[in-house]
Amino acid sequence: MTVRVRIAPSPTGNLHIGTARTAVFNWLFARRYGGTFILRIEDTDLERSRPEFTQNILDGLSWLGLNWDEGPFFQSQRSELYRQYLQLLLDKGLAYRAYETPAELEELRSSQKANHQAPRYDNRHRSLTPEQRSAYEAEGRQCVIRFIIDDLREITWNDGVRGQIAWKGQDLGGDMVIARAAPANEIGLPLYNFVVVVDDIAMNISHVIRGEDHIGNTPKQILLYEALGAIVPQFAHTPLILNSSGAKLSKRDGVTSISDFQLMGYVSGAMANYMSLLGWSPPEPMTEQFSLADAATHFSFDRVNRSGAKFDWDKLNWLNSHYLHKLSITQLTDLLIPIWEEAGYEFHRVNERQWLEQLTALLSSSLVRLTDGVDLARPFLAKELEYNESAVAQLRQPQGINSLKYVISQLPDAPLTLEMAQALIQQVVQVQGLKKGLVMKTMRAALTGELQGPDLLESWLLLNQRKVDLKRLEQALMI
RNA sequence: GCCCCCAUCGUCUAGAGGCCUAGGACACCUCCCUUUCACGGAGAAAACGGGGAUUCGAAUUCCCCUGGGGGUACCA
């Protein structure tokens, strides 16, 4: 079996998670069967397509590790091919020119609606006489090209995910427009359903893997394959990604583009892993945490679910933190440095590398998203320390103030070590007869402005290395 | 309206007639670890939409209902 699959995004927006997930399934399937994964940009909608969206799509797919073997191909550069096929259908009498105005079609639809009938084209221009045609043309009317759909046809296919699906020709809405309006002797711009088929034929696509929202297009496309004398590919319609209310996830639901997730601090491995899990489940020995390469060795449509999957931030977050925790300190630091720089923190990325890695190690277990590193690092990297309310309250307790004074008086000039810090805390506790918890809490409030955070002693050591601990302890006395 | 698809814990899912007193994961809750937070570990709670039919036996097959979703363009 020669597998050739494609992802065909349209550059009318940034790479959407739904498109990306379809890309994942196509990629997985191609890799599983040693096939070819093709990228085709469907930019036939000249009005809405924009080059920056194309770039965003390319970048997003690359970031996710969904490398393509052929392409990107651009439909806007293939119009000659479409024109030829359109002419072919016209010549074979399988398509015809129709001259209705948009207003006339609208009238037809509204009268059907009023009679509780399904809106459909009534094929009224299917068999125009030459006289009628020239009369319309004399009026200066433009015409579209319609592909003839036999109402009596029954179209069936065996869907890779859903099994047998059947449609009646009469439910397809009448002869379908395949080329937009143009002057009577020209051929207008081709429409989606037609272009997809022409390209999939030209590119020898063996399996069309796409979202469930395309099921209704499939019978029309099958008819076009037949009309063009081509072999009909296998179809597999994957479930949709749903929002929390259970409807198809759309831009209106907030964060949906891959580049947004990237900006929010999600790593590509976690995203790819999570998207795979939305509709596909790995077979037994595998756990839910896997790379695309792992998944590719086991991917099959048998394990693709048929019902839609709600997008779940909790699970994505869990996976992302898992991936983050798995990274080495070196890798994590590399990822965090640009984020810290972006946040406006001042440090020397080379000279202070070792210190930054210590900071990374200290914070790493608390990271869910990379961008969490901004808040977590604030007490260590921000110029001015901010105290939250409970920290202020803590610093106003007389006993706490005394313990701080004691620590200040005993703080050595030499760089602090873990042992020294531990001993110092122990000393305060004994000398002043305080609870260890109180001393620790007060120290934390003074050093970080917060009552919660990573290991206090480690934090102290880091601040000591930057020589800000004494300053902060003294400053805390004035609160 | 019409057509199509779907239906297991809150969520993602396993389950292809007896292995199911329905398994896993996330989230939630409890406990342990711990100065705190997080991480980590242990545990609890939680589902087959309803009704028929087939069968010795149904979450698994069939039908109906209900519910949800998708589509219905001179968008993709």
Side-chain angles (χ1 to χ4, degrees), chain A residues 8-13 19 42-45 47-49 75 98 100-102 105 109 112-121 142-146 159 161-162 165-168 170-173 176-182 188-193 195-196 211-219 237 239-240 242 244-248 274 277-284 287-289 302-303 305-319 321 325 363-368 372 376 425 435-445 448 450-457:
Chain A
S10 97
T12 54
T19 310
E42 310 217 315
D43 53 353
T44 50
D45 187 338
E47 310 274 300
R48 296 190 299 149
S49 295
Q75 290 186 328
E100 294 89 354
T101 62
L105 292 173
R109 265 191 291 269
Q112 286 167 332
K113 235 178 169 177
N115 291 323
H116 299 291
Q117 291 170 312
R120 74 192 307 276
Y121 177 60
Q142 296 205 321
C143 63
V144 298
I145 298 175
R146 284 187 184 267
D159 197 274
V161 172
R162 281 147 220 282
I165 300 181
W167 282 73
K168 294 184 187 68
Q170 63 188 23
D171 292 328
L172 260 23
M176 66 188 276
V177 178
I178 54 177
R180 292 179 167 88
L189 291 170
L191 256 14
Y192 172 76
N193 272 312
V195 173
V196 167
E212 189 187 358
D213 46 348
H214 284 283
I215 289 183
N217 289 142
T218 306
H237 290 94
L240 264 20
L242 276 20
S244 54
S245 342
K248 181 164 90 167
Y274 182 63
L277 246 19
L278 249 24
W280 180 73
S281 60
E284 251 320 311
T287 66
E288 286 188 312
Q289 295 151 349
D302 299 350
R303 301 190 70 84
N305 210 54
R306 280 179 296 275
S307 44
K310 285 187 185 171
F311 183 86
D312 181 15
W313 285 97
D314 284 332
K315 189 122 184 186
L316 206 216
N317 285 337
W318 168 71
L319 269 174
S321 64
H325 299 340
L363 307 179
S364 64
S365 73
S366 303
L367 289 174
V368 172
D372 293 338
L376 290 167
I425 296 288
K435 279 190 182 162
K436 192 181 176 192
L438 175 97
V439 177
M440 297 290 269
K441 266 171 98 172
T442 309
M443 285 294 288
R444 181 183 292 284
T448 70
E450 292 165 14
L451 249 33
Q452 307 170 337
D455 187 88
L456 177 62
L457 265 16

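A note on names: the letters A, B, ... follow the listed sequences, proteins ahead of strands, and every chain is numbered from 1. The structure displayed is predicted, hence computed values, not measured ones.
Rounded to whole Å, atom C1' of A27(B) lies 13 Å from atom CG of L319(A). Residue L316(A) contributes atom CG, which lies 19 Å from atom P of A25(B) at whole-angstrom precision. The nearest whole Å value for the distance from the CE atom in M440(A) to the C1' atom in U36(B) is 9 Å. Protein atom CD1 of I165(A) is 7 Å distant from nucleotide atom P of C6(B), rounded to whole Å. One interatomic measurement links the two molecules: CZ of R303(A) to P of C12(B), which rounds to 17 Å at whole-angstrom precision. Between the CG atom of L277(A) and the P atom of U11(B) there is a distance of 16 Å, rounded to whole Å. Distance H325(A) NE2 to G41(B) P: 11 Å, rounded to the nearest Å. Atom pair E450(A):CD and A38(B):C1' shows a separation of 13 Å (rounding to whole Å applied).
Summarising the geometry, atom CZ belonging to R109(A) is positioned 11.5 Å from atom OH belonging to Y121(A); distances are rounded to the nearest 0.5 Å. Atom CZ of residue R180(A) and atom OG1 of residue T44(A) lie 6.0 Å apart, to the nearest 0.5 angstrom. The CG atom of L189(A) sits 13.0 Å away from the CD1 atom of I178(A) when rounded to the nearest 0.5 Å. In this structure, CZ in R162(A) is found 4.5 Å from CD1 in I215(A), a value given to the nearest 0.5 Å. Interatomic distance, M440(A) CE to K435(A) NZ, rounded to the nearest 0.5 Å: 15.0 Å.
Donor-acceptor pairing under 3.5 Å, judged by distance alone, is present between the side chain of S365(A) and the base of A38(B). Contact of K315(A) with A27(B) (side chain to base): no donor-acceptor pair of N or O atoms is detected under 3.5 Å.
Between A14(B) and N305(A), a contact under 4.0 Å exists linking OP1 or OP2 to a side-chain N or O. Between S281(A) and the phosphate of A14(B), there is a side-chain N or O to OP1/OP2 separation shorter than 4.0 Å.
Counting any heavy atom pair closer than 4.0 Å across all strands shown, G279(A) reaches sugar-phosphate atoms only and no base atom. R306(A) comes within 4.0 angstrom of the backbone, heavy atoms only, and of no base.
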Step by step, would you call W313(A) with L316(A) a side-chain contact (heavy atoms from CB on, under 4.5 Å)? CA-CA 5 Å; W313(A) 285 97; L316(A) 206 216; 4.3 Å; yes
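With a cut-off of 3.5 Å on both Watson-Crick or G-U wobble distances, the partner of A46(B) is given as none. Pairing partner, C26(B): G10(B), with both Watson-Crick or wobble hydrogen-bond distances short of 3.5 Å. Figure legend. C31(B) is base-paired to G41(B); pairs are counted as Watson-Crick or G-U wobble with both atom distances under 3.5 Å. The base-pairing partner of U61(B), taking Watson-Crick or G-U wobble contacts with both distances under 3.5 Å, is A53(B).
Taking atom C1' in both A58(B) and G50(B), one finds a spacing of 16 Å when rounded to whole Å. When the P atom is used for both C56(B) and G51(B), the distance is 22 Å, rounded to whole Å. Rounded to whole Å, the C1' atom of C75(B) lies 46 Å from the corresponding atom of A53(B). The same atom, C1', is picked in U66(B) and in C20(B); the two are 26 Å apart, to the nearest Å. Nucleotides C3(B) and C28(B) have their C1' atoms positioned 41 Å apart, rounded to a whole Å. If you take atom P in C31(B) and the same atom in U11(B), they sit 27 Å apart, rounded to whole Å. Atom C1' of U61(B) sits at a distance of 10 Å from the matching atom of U55(B), rounded to the whole Å. For the C1' atom pair drawn from A27(B) and A46(B), the interatomic distance equals 12 Å after rounding to whole Å.
Checked against U35(B), C6(B), G1(B), the side chain of S307(A) finds its nearest nucleotide in C6(B).
Mapped onto RNA chain B by nearest heavy atom, Q117(A) and K441(A) fall at different nucleotides, with Q117(A) at the one closer to the 5' end. Position along RNA chain B of the nearest nucleotide to G308(A) versus S366(A) favours G308(A) as the more 5'-ward residue.
Residues M176(A) and R146(A) are not in side-chain contact: their nearest non-hydrogen atoms beyond the backbone lie 4.5 Å or more apart.
Side chain of T448(A) to backbone of A445(A): no donor-acceptor contact under 3.5 angstrom is found.
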Expected string for nucleotides 69-76 of chain B under the B/S/- scheme (protein heavy atoms, under 4.0 Å, primed atoms plus P, OP1, OP2 as sugar-phosphate) is SSS--BBB
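Between R306(A) and E212(A), no side-chain nitrogen of the basic residue sits less than 4.0 Å from a carboxylate oxygen of the acidic one, so the salt-bridge criterion is not met.
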